[in-house]
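Structure, as structure tokens:
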Amino acid sequence: MKGFRVLLLVFGFCLLSGAGFAADLKVGGFGQWWYYYTDAGAHGESKFIMQRMRFKVSSQLTDKAGFFTQFDFKASPADIHLLDAWLDVKLAPWLTVRAGQFAIPFGFETPISPWALDVMSYSYVVGAGEPTGVGFFPGIRDIGLQFRGKREPIDYAVAVINGKGLTGGEDNKFKDVAGRLGFSKKGIGVGGSGYYGFVNATGLDSLNNVITYPDSEWAKTRFGADLEVDIAHFLLKTEVIMGSQGVGDTTTLKQMGYYATLGYTFVLCQTTASEPGYRAFQPVVRYDAWDPNSDVDDNGMSRISAGANFWFDKDAKVSAFYEIRSEQGDTDIKDNRLRLQLGLAW
Ligand SMILES: [Ca+2]
Ligand SMILES: [Ca+2]
């Protein structure tokens, strides 16, 4: 409830704001309601989910400094999380220093808002929303210091972070580094990303319990490449990420994953001076795959997600996607999914 009281205080500021910097506070957010069906189990399962209810409060305090916060409300069980909290200081047109908790600047999909996802869910290789062990950036965020900027057609972001993810805090003295360098022109963008950090070495005590050694580390690396094409209502996004992580003094776990998304937007109604409004229909298909251990054969998973988004206004859309999930090996688990979504942004 502490988070809720803080939020009330922030909103109170917004409502009561008169002159001064409080007048520049911006409040926004989005909500996503889901109907979810899976054929898993003997009889399948279906449920309604209030998937996301997010509120953002931000301000450009001066032409050089600003802040951004984003809260995530959960309906059941009731919970409020502070997802983003950062302070920005712009030192030059091509250099902004960001201090706080933010999305890790790696690859194309990891840093984007779920509002902007083309097929409702993050890919396996990013892993947000997937079971533990799937994907490289399940928590999306971390805490640290980030340097970012843009000088057409180049953009970059590099961050020094704790490396423990959204679970918060730090569990060793080592800091991780993550970054992406991008090039974009005329609707085509390419990027290369890297991550280098450390996890605590582990071992067994005399009773065979796993213990960690915060002063002894194993290296953790990730490399990624991404390509985005957005030309004449046609959309192509693809990204591959490879990673390795020490799991013993002489053993390394190698993992990899990728996705490719294709879409086309039919704009049915565009805002004009005489007729405000926007309507568009976008069929999309994505193939994505995850290999949890590249040294082991037939242990990967993949899926085809097919469906469509329909915008009935600029900030209002309904989506429907069906996922066919395939597991390598002898048996395919019954776990296909249907998701329907109503999303509004404000
Ligand atoms: Ca660390
Ligand atoms: Ca399956």
Side-chain angles (χ1 to χ4, degrees), residues 36-46 98-106 110 119-125 127 129-146 158-179 194-203 211-222 243-247 252-253 257-259 285-292 296-307 321-339:
Y36 167 96
Y37 171 80
T38 174
D39 64 356
H43 308 291
E45 181 193 331
S46 80
R98 176 168 296 175
Q101 178 166 299
F102 42 71
I104 298 169
F106 184 104
T110 301
V119 299
M120 289 178 60
S121 61
Y122 286 94
S123 60
Y124 279 146
V125 69
E130 297 300 331
T132 305
V134 176
F136 290 119
F137 300 100
I140 301 280
R141 294 168 176 81
D142 211 312
I143 303 172
L145 196 60
Q146 186 179 154
V158 58
V160 184
I161 53 182
N162 282 335
K164 200 158 178 289
L166 188 61
T167 49
E170 172 61 300
D171 57 358
N172 56 34
K173 63 186 177 187
F174 311 108
K175 296 291 158 281
D176 295 5
V177 179
Y195 186 112
Y196 186 73
F198 304 97
V199 294
N200 293 332
T202 61
I211 50 173
T212 61
Y213 302 104
D215 288 326
S216 179
E217 74 281 16
W218 290 330
K220 169 178 161 181
T221 59
R222 280 95 176 84
S244 70
Q245 186 165 318
V247 289
T252 302
L253 172 68
Y258 60 90
Y259 66 84
V285 61
R286 176 182 72 187
Y287 178 80
D288 72 324
W290 168 248
D291 184 348
V296 176
D297 288 336
D298 292 334
N299 65 335
M301 53 209 273
S302 64
R303 72 184 151 182
I304 296 168
S305 311
F321 280 89
Y322 191 73
E323 282 181 9
I324 302 166
R325 297 186 162 215
S326 306
E327 296 75 36
Q328 288 181 332
D330 296 336
T331 49
D332 184 69
I333 304 163
K334 255 173 87 173
D335 58 355
N336 291 344
R337 290 167 187 200
L338 169 72
R339 291 182 177 119

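We count ligands from 1, going down the list as the structure has it; atoms in each ligand are counted the same way.
When the Ca ion (ligand 2) is compared with the N/O/S atoms of Asp335, atom OD1 turns out nearest. As for Glu327, its N/O/S atom nearest the Ca ion (ligand 2) is the one called OE1.
Just one of Asn172, Asp215, Thr212 meets the side chain to side chain donor-acceptor pair (under 3.5 Å) condition when paired with Asn200; it is Asn172.
Here the closest non-hydrogen pair linking Glu323 and Ser121 is OE2-OG, 3.4 Å.
The side-chain heavy atoms of Asn299 and Asp291, taken from C-beta on, include a pair separated by under 4.5 Å. The closest side-chain heavy-atom distance from Ile161 to Tyr195 is below 4.5 Å.
Glu327 is linked by a salt bridge (Lys or Arg N to Asp or Glu O under 4.0 Å) to nothing, counting only residues two or more places apart in sequence or in another chain. Ser244 meets the side chain to side chain donor-acceptor pair (under 3.5 Å) test with Thr221; sequence neighbours excluded. Contacts of Asp332 classified as side chain to side chain donor-acceptor pair (under 3.5 Å), with partners at least two apart in sequence or in another chain: none.
Within the sub-3.0 Å shell of the Ca ion (ligand 1), the protein contributes these N/O/S atoms: Asn162 O, Glu170 OE1, Glu170 OE2, Asn172 OD1, Phe174 O.
Note on Ile333: counted as a metal contact of the Ca ion (ligand 2), an N/O/S atom lying under 3.0 Å. None of the N, O or S atoms belonging to Arg303 lies under 3.0 Å away from the Ca ion (ligand 2).
The aromatic rings of Phe137 and Phe106 are tilted relative to each other, their planes meeting at an angle between 30° and 60°.
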